[in-house]
Amino acid sequence: MKRILYITAFPPCQKTGGQQFSLNAIRELSQKYIVDVWYFSYPEHSCEIYSDTDSLTSDHGIANICDFQIQHYDFIKRFWIHPLFTRRFNRKILHKIQSVSSDYDILYFDFSQVALYSLHVKHPHKVLRMHDVMFQKFSRKNPLMAKWVTGTERKIVRSFEKVFVPSIKDADLLNRVYGVNAFYTNEYLKPVDFTATVEQKKQFVFYGYWKRSENTDGLIWFVQKVLPLLKGKYEFIVIGGGLDSQKQQSAKYFESIYNNHHLLEQIENFGGNNQ
């Protein structure tokens with residue numbers, strides 16, 4: 001069987017949509033390939049895949065799993081590059097990748113946050129799975145910051161044989177900005193069996209990872225602009241981790257939900273029995 005080295009920026013798990021996509025991809029790839037998984041640790045997030053050596057609960061086809069700690073000051077050594085790309089860049093890890101790259105048929109980089117390694121590793125089959133186009137992400141907030149990001153992102157995406165993105169819009173953007181032909185893939189969080197009939201409820205569901213400001217900003221906007229216009233009692237379900245810290249910082253907005261006798265429920269995990 002062919003071998004894949006799968007390098008991802010976060011522990012593959014059900015904590016966020018992106019990590020769930022990683023979990024799905026690793027498990028699907030392991031059905032046809034031998035996969036070694038390298039990931040970077042993240043506070044309060046645990047890896048939810050197991051290698052063949054874990055006899056009790058193994059994911060077949062996953063040979064080895066290795067985790068790395070982020071060294072907090074590594075990014076200073078490449079101060080001219082945006083920290084988003086350098087925070088997980090470490091010389092020892094780079095040498096480790098270089099020393100074993102020839103053992104693999106494919107080097108798969110998951111998230112742009114680990115893609116900088118590609119510039120220093122020669123391999124005929126390097127694949128990048130982007131979860132965000134950073135040029136687009138930063139241009140929405142800070143055009144000057146977007147220019148800083150664009151130079152590095154251009155070099156990175158051009159160093160890969162194949163680049164995969166979440167949507168046609170992202171593929172068009174990479175082609176227009178960087179001249180790169182990317183492929184888009186339709187993702188799913190998990191299989192869901194929908195019932196034939198659905199009971200209509202006065203219910204709003206917000207779905208996201210709430211430590212990301214672009215997600216929380218949307219929720220706060222709803223509370224400020226839309227909630228005052230609603231009449232009657234509604235149920236609000238907020239799905240995803242990371243809300244507690246944001247709730248404390250923006251307590252006055254969330255208090256309006258309670259004060260209007262609405263229900264706010266936080267579900268910490270994307271998995272479980274919640275559909």
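- Side-chain N or O atoms of Lys77 include none that pairs as donor or acceptor with a backbone N or O of Arg91 at under 3.5 Å.
- Between His123 and Tyr104, the gap from one ring centroid to the other reaches at least 6.0 Å.
- Exactly one of Asp170, Leu128, Val127 qualifies for a side chain to side chain contact (heavy atoms under 4.5 Å, CB included) with Phe164. That residue is Val127.
- Neither Ile4 nor Val121 shares a network with the other; the hydrophobic side chains, linked directly or stepwise wherever heavy atoms of I, L, V, M, F, W or Y lie under 4.5 Å apart, form separate groups for each.
- Cluster membership check: Phe183 does not share its hydrophobic cluster with Val163, using side-chain heavy-atom separations under 4.5 Å among Ile, Leu, Val, Met, Phe, Trp and Tyr.
- A continuous path of Ile, Leu, Val, Met, Phe, Trp and Tyr side chains, each step under 4.5 Å between heavy atoms, connects Trp80 with Ile156, placing both in one hydrophobic cluster.
- In terms of hydrophobic clustering, with Ile, Leu, Val, Met, Phe, Trp and Tyr side chains grouped at heavy-atom distances under 4.5 Å, Phe111 and Leu119 are assigned to different clusters.
- With contacts defined as side-chain heavy-atom distances shorter than 4.5 Å, the pair Gln20/Leu23 qualifies.
- Here Gln19 contributes atom CD and Tyr39 contributes atom OH; the two are 11.0 Å apart, rounded to the nearest 0.5 Å.
- Contact record, His45 with Lys15: CE1-CB, 3.5 Å, taken as the closest heavy-atom pair.
- Of all non-hydrogen atoms in Tyr6 and Ala25, the two that sit nearest each other are OH-CB, 3.9 Å.
- The shortest heavy-atom contact between Val149 and Phe135 is CG1-N, 4.3 Å.
- Taking the six-membered ring where the residue is Trp, Phe160 and Phe109 present perpendicular rings, their angle passing 60° and hence far from 30°.
- In this structure the side chain of Phe138 reaches within 4.5 angstrom of the side chain of His82, judged on heavy atoms.
- Note: Ile26 CD1 to Tyr108 OH = 8.5 Å, rounded to the nearest 0.5 Å.
- Summarising the geometry, atom CD1 belonging to Ile97 is positioned 6.5 Å from atom CG belonging to Leu5; distances are rounded to the nearest 0.5 Å.
- Side chain of Gln113 to main chain of Ala9: no donor-acceptor pair is present (N/O by atom type, distance under 3.5 Å, no hydrogens or angles).
- No more than 12 heavy atoms of other residues, nucleotides or ligands lie within 6.0 Å of OH in Tyr184, so this atom counts as exposed by the packing criterion.
- Residues Asp105 and His125 are not in side-chain contact: their nearest non-hydrogen atoms beyond the backbone lie 4.5 Å or more apart.
- Distance check: Ile70 CD1 to Phe40 CZ gives 7.0 Å after rounding to the nearest 0.5 Å.
- In this structure a side-chain-to-backbone donor-acceptor pair under 3.5 Å is missing from Asn64 to Asp36.
- A donor-acceptor distance shorter than 3.5 angstrom exists from the side chain of Lys126 to the backbone of Ser118, with no hydrogens or angles considered.
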Evaluation steps, side chain to side chain contact (heavy atoms under 4.5 Å, CB included), between Gln136 and Lys169: CA-CA 11 Å; Gln136 176 178 249; Lys169 175 179 67 67; 2.9 Å; yes
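- Tyr42 and Ile93 are assigned to two separate hydrophobic clusters, defined by single-linkage of ILVMFWY side chains at heavy-atom distances under 4.5 Å.
- Figure legend: cation-pi geometry between Arg88 and Phe10, with NZ or CZ positioned under 6.0 Å from the six-membered ring centre and within 45° of its axis.
- With contacts defined as side-chain heavy-atom distances shorter than 4.5 Å, the pair Thr8/Arg129 does not qualify.
- Nearest heavy atom pair, residue Leu174 against residue Met130, reads CD1-SD, 3.7 Å.
- Partner of Thr86 under the side chain to side chain contact (heavy atoms under 4.5 Å, CB included) criterion, chosen from Ile81, Thr152, Ile76: Ile81.
- Interatomic distance, CG of Leu29 versus CD1 of Ile106, reported as 8.0 Å (0.5 Å rounding).
- The aromatic rings of His131 and Phe21 lie parallel to each other, their planes meeting at an angle below 30°, with 60° marking the opposite boundary.
- Other residues, nucleotides and ligands contribute at most 12 non-hydrogen atoms within 6.0 Å of the NZ atom of Lys155.
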Take His120 and Phe89, measure what side chain to side chain contact (heavy atoms under 4.5 Å, CB included) needs, and give me the verdict at the end. CA-CA 11 Å; His120 306 277; Phe89 190 86; 3.6 Å; yes
Test Ile7 against Leu107 for side chain to side chain contact (heavy atoms under 4.5 Å, CB included), laying out the working first. CA-CA 8 Å; Ile7 304 172; Leu107 300 183; 5.9 Å; no
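- Minimum interatomic distance between Asp67 and Ser41 (heavy atoms only, all atoms of both residues): OD2-OG, 3.3 Å.
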Dump the intermediate steps for side chain to side chain contact (heavy atoms under 4.5 Å, CB included) on Trp38 and Val100, then the final yes or no. CA-CA 12 Å; Trp38 294 3; Val100 302; 3.8 Å; yes
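- To the nearest 0.5 Å, atoms OG1 (Thr150) and OH (Tyr178) are separated by 4.0 Å.
- You'll find the side chain of Asn90 reaches within 4.5 Å of the side chain of Tyr117, heavy atoms only.
- Residues Cys13 and Ser46 approach most closely at CB-O, 3.2 Å, considering heavy atoms.
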